[in-house]
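Data first, discussion second: the structure below is written as structure tokens.
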Amino acid sequence: MATVAVNDANFDAEVRQSDVPVVVDFWAEWCGPCKTIGPALEELSEEYGDRLKVVKVNVDENPNSPAQLGVRGIPALFLFKDGEIVSNRAGAAPKAALKGWIDESI
């Protein structure tokens, strides 16, 4: 499953009401570390297939969702399961570290 662009209007439907765990990537176009982890998240999205959804929220275009979750810096990653946050992390990380974080959280 490819990553999905999510906005403030459909955040609850795509994330909190998802039947599968969801990794939310809060990012911005100007953020270098965000661009660094983008390809790894895309690959992980494909590897997990239907078992996990990876969504991206552009913080410049959608300020409400990150504000509600207290995001202070990007990239910020949140893992939701059954509509609740089960884990979060900030900053860029290599693909293996991201996979380990996901595996221990789902």
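Atoms considered below: every heavy atom in the structure, side chains included; atoms not considered: hydrogens, waters and symmetry mates. All values derive from a computational prediction rather than experimental measurement.
Minimum heavy-atom separation, Ala28 to Asn58: CA-OD1, 4.4 Å. Residues Leu52 and Pro21 share a closest heavy-atom pair of CD1-O, 3.4 Å. Heavy atoms only, all atoms of each residue included: Ala76 and Val71 are closest at CB-CG1, 3.8 Å.
Val23 is not connected to Val6 by any chain of hydrophobic side-chain contacts under 4.5 Å among Ile, Leu, Val, Met, Phe, Trp and Tyr, and they are in different clusters. The hydrophobic clustering, which links ILVMFWY residues whose side-chain heavy atoms are closer than 4.5 Å, places Val54 and Val59 apart. Clustering ILVMFWY residues whenever any of their side-chain heavy atoms sit less than 4.5 angstrom apart, transitively, puts Leu69 in the very cluster that holds Val57.
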- For Val24 and Leu77, run side-chain contact (heavy atoms from CB on, under 4.5 Å): C-alpha distance rounded to whole Å, both residues' side-chain angles, the deciding distance at 0.1 Å, then the answer. CA-CA 5 Å; Val24 181; Leu77 301 172; over 6 Å; no
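Glu43 meets the side-chain hydrogen bond (donor to acceptor under 3.5 Å, both in side chains) test with Lys95; sequence neighbours excluded. The side-chain hydrogen bond (donor to acceptor under 3.5 Å, both in side chains) test applied to Arg51 returns no partner, not counting sequence neighbours. For Glu46, the side-chain hydrogen bond (donor to acceptor under 3.5 Å, both in side chains) test picks out no residue, with sequence neighbours left out. Judged as a side-chain hydrogen bond (donor to acceptor under 3.5 Å, both in side chains), and not counting sequence neighbours, Ser18 has no contacts. Here Asp103 pairs with Lys99 under the salt bridge (charged side-chain N to carboxylate O under 4.0 Å, His left out) rule; sequence neighbours left out. For Pro94, the side-chain contact (heavy atoms from CB on, under 4.5 Å) criterion is met by Ala97, not counting sequence neighbours.
Counting heavy atoms from C-beta on, the side chains of Val15 and Val55 come closer than 4.5 Å. At a threshold of 4.5 Å between non-hydrogen side-chain atoms, the residues Cys31 and Pro75 count as touching.
Going from atom CD1 of Ile106 over to atom CG of Leu79 covers 7.0 Å, rounded to the nearest 0.5 Å. Here the CD1 atom belonging to Ile85 is positioned 12.0 Å from the OG atom belonging to Ser105, to the nearest 0.5 angstrom. Interatomic distance, Ile102 CD1 to Leu41 CG, rounded to the nearest 0.5 Å: 7.0 Å.
Under the 4.5 angstrom side-chain criterion for Ile, Leu, Val, Met, Phe, Trp and Tyr, Val20 has no cluster partners at all.
Counting only residues at least two apart or in different chains, side-chain hydrogen bond (donor to acceptor under 3.5 Å, both in side chains) contacts with residues 73-87 comprise Ser87-Trp101. Sorted by first and then second residue, the pairs that involve residues 56-66 and meet salt bridge (charged side-chain N to carboxylate O under 4.0 Å, His left out), not counting sequence neighbours, are Asp25-Lys56. Within the structure, salt bridge (charged side-chain N to carboxylate O under 4.0 Å, His left out) contacts touching residues 85-94 (residues at least two apart or in different chains) do not occur. Screening residues 20-54 for ring-ring contact (aromatic ring centres under 6.0 Å, His included), with sequence neighbours left out, gives Phe26-Phe78. Listed by first then second residue, pairs satisfying side-chain hydrogen bond (donor to acceptor under 3.5 Å, both in side chains) with a partner in residues 64-79 read Asp8-Ser65, not counting sequence neighbours.
Checking side-chain atoms of Lys53 against main-chain N and O of Glu14 turns up a donor-acceptor pair under 3.5 Å. Asn10 places no side-chain N or O within 3.5 Å of a backbone atom of Ala13 that could act as its donor or acceptor partner.
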